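This report concerns only the one structure given below.
Scope of the values below: all heavy atoms of this structure, side chains included, with no hydrogens, waters or symmetry mates. Counting convention: from 1, in listed order, for ligands and their atoms alike. Keep in mind that what you see is a predicted model, and the values were worked out from it rather than measured.
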Amino acid sequence: MHTHSDFTSNSKILIVTSVSAERDAVLRGLQKSDRFDIIIGGVGSAAAAANTAAALVAGQYGLIVCAGIAGGFSDQAGIGSLVVASEIVAADLGAETPDGFLSLDELGFGTARIGVDAISGRRIVHALLEAGLTAVSGPILTVTTVTGSAATAEMLSARIPGACAEAMEGYGVAVAAEQRGIPVIEIRAISNAVGPRNREAWRIGDALQALESASTVLMEVLS
Ligand SMILES: O=C(O)c1cccc(C(=O)CC[C@H]2O[C@@H](n3cnc4c(=O)[nH]cnc43)[C@H](O)[C@@H]2O)c1
C-alpha cells in the first residue's frame with residue numbers, strides 16, 4: 001500500500017485514460033510535456049489492468065495516474081468539479097449474502113482497497129484549488145456497473161463513507177501498479193451525478209474541459 005511519495009523527480013509518469021476523448025483532453029492540458037506517456041486503457045477494470053500492465057512491461061515509470069471522467073456523489077462533488085482519490089476502492093467486488101455485502105477483504109481474498117501516493121494527491125488538490133478549480137479528495141469507487149438508482153447510490157455512500165465519485169477503471173490500474181511496486185493516483189472530472197440514470201444530463205464537455213485544466217496543473221505539480 002502506497003501512502004507516501006517515492007517516485008523520483010526525473011522518472012516518467014504514465015497516465016491511463018479509458019477513451020480517446022479523455023486522452024485528448026489530458027494531452028491538451030499537458031502542453032507537450034515530455035515527462036508523461038499516455039495510453040487508452042479501455043473501459044472497465046479488466047481492460048485497464050491488462051493495458052496498464054502491458055505499458056509497464058514496455059516502459060519504466062515512477063508514478064501511474066488513472067485519469068478521466070466520473071460520476072460524482074452529489075453531497076461531495078458537483079458536475080464540472082475535480083476529485084482526487086484518497087484511496088481506490090473496488091466497491092462491488094465481493095459477495096452478496098442475505099445479511100448484506102461482503103467485500104473481498106471480508107471474504108479473505110485480498111483487498112478491494114488500494115492506497116494512493118498520498119503526498120502527490122495532497123499536492124495536486126492544493127494546486128487545483130490554488131488554480132481556482134473546484135476539487136475534493138476522498139475515496140473514488142471502481143464499479144463494474146454504472147449506478148442507475150438513488151438506492152444504489154445511497155448504499156454505496158453508506159458502504160464507503162466519504163466516497164466522492166465512481167468510475168470503472170481505477171482499481172484495475174491500481175492493481176497493475178501495485179504488482180510492480182509503483183505508486184498510483186486517480187484524478188477524475190465529474191460529468192454526471194451518481195444516481196438515477198439520465199444520460200442526457202451528462203455534461204461530458206464540461207468534464208473534459210475540467211480534465212484539461214486539471215492536467216495543466218498536474219503537469220506543473222509533477223514536472
Ligand atoms: O460520449 C462521449 O463523448 C464520451 C467522452 C468521454 C468519455 C465518455 C464515456 O462514456 C467514458 C466512460 C467512462 O466514464 C466513467 N464514468 C463516467 N461517469 C460514470 C458513472 O456515473 N459511473 C461509472 N463510471 C462513470 C467510467 O470510468 C467510464 O470508463 C464518453
Side-chain angles (χ1 to χ4, degrees), residues 14-30 38-52 55 64-85 87-94 112 114 116 134-136 138-160 162-177 184-215:
L14 177 68
I15 301 183
V16 184
T17 67
S18 307
V19 299
S20 60
E22 294 167 328
R23 179 208 49 197
D24 294 347
V26 172
L27 279 175
R28 286 193 297 276
L30 293 179
I38 182 160
I39 61 164
I40 298 171
V43 172
S45 217
N51 286 309
T52 302
I64 303 178
V65 182
C66 179
I69 65 171
F73 287 90
S74 305
D75 58 338
Q76 301 283 339
I79 288 173
S81 71
L82 295 154
V83 294
V84 179
E87 64 177 332
I88 295 169
V89 183
D92 53 10
L93 188 56
I114 298 187
V116 296
T134 305
V136 295
I140 298 183
L141 312 188
T142 303
V143 294
T144 306
T145 303
V146 175
T147 295
S149 70
T152 302
E154 284 161 22
M155 180 268 289
L156 290 170
S157 281
R159 188 187 292 163
I160 302 105
C164 60
E166 69 164 40
M168 302 177 82
E169 295 80 22
Y171 184 75
V173 173
V175 167
V184 65
I185 58 175
E186 182 171 6
I187 179 165
R188 298 264 174 186
I190 303 302
S191 54
N192 58 283
V194 176
R197 181 166 174 77
N198 179 8
R199 193 62 168 78
E200 291 69 43
W202 284 38
R203 296 286 173 261
I204 289 175
D206 292 351
L208 293 174
Q209 179 56 59
L211 186 62
E212 178 180 333
S213 303
S215 300

Subject >> Within-cut-off N or O pair, Val146 and ligand 1, under 3.5 Å >> reply: no
Original post:
Side chains of Val16 and Asn51: closer than 4.5 Å at any heavy-atom pair?
Top reply: no
Original post:
Any idea which part of Arg188 is under 4.0 Å from ligand 1, heavy-atom wise: side chain, backbone, both or neither?
Top reply: side chain
Subject >> Check ion pair Arg188-Glu169 (N to O, under 4.0 angstrom) >> reply: yes
Original post:
Is there any N or O on Glu166 that sits under 3.5 Å from an N or O of ligand 1?
Top reply: yes
Original post:
For ligand 1, which atoms sit closer than 4.0 Å to a heavy atom of Ala21?
Top reply: 5 (C), 6 (C)
**OP:** Out of Thr144, Val143, Val19, Ile190, indicate the one that has the non-hydrogen atom closest to atom 6 (C) of ligand 1.
**Re:** Val19
**OP:** Output yes when a protein non-hydrogen atom is found under 4.0 Å of atom 12 (C) of ligand 1, and no otherwise.
**Re:** no
Original post:
Of the listed options (Ile204, Val43, Thr17, Leu211), which comes nearest to atom 4 (C) of ligand 1 when hydrogens are ignored and any heavy atom counts?
Top reply: Ile204
Original post:
Between Gly71 and ligand 1, is there a nitrogen or oxygen pair with a distance under 3.5 Å?
Top reply: yes
**OP:** Evaluate the side-chain proximity of Leu141 to Tyr171: yes if any heavy-atom separation is below 4.5 Å, no if none is.
**Re:** no
Original post:
Which of these, Arg23, Glu169, Glu22, has its nearest heavy atom closest to atom 29 (O) of ligand 1?
Top reply: Glu169
Subject >> Within reach of ligand 1, part of Ala167 (heavy-atom separation under 4.0 Å) >> reply: both
**OP:** With heavy atoms only and a cut-off of under 4.0 Å, state how Asn192 meets ligand 1: side chain, backbone, both or neither.
**Re:** side chain
**OP:** Please tell me if the side chains of Leu14 and Val65 come closer than 4.5 Å, counting only heavy atoms from C-beta onward.
**Re:** no
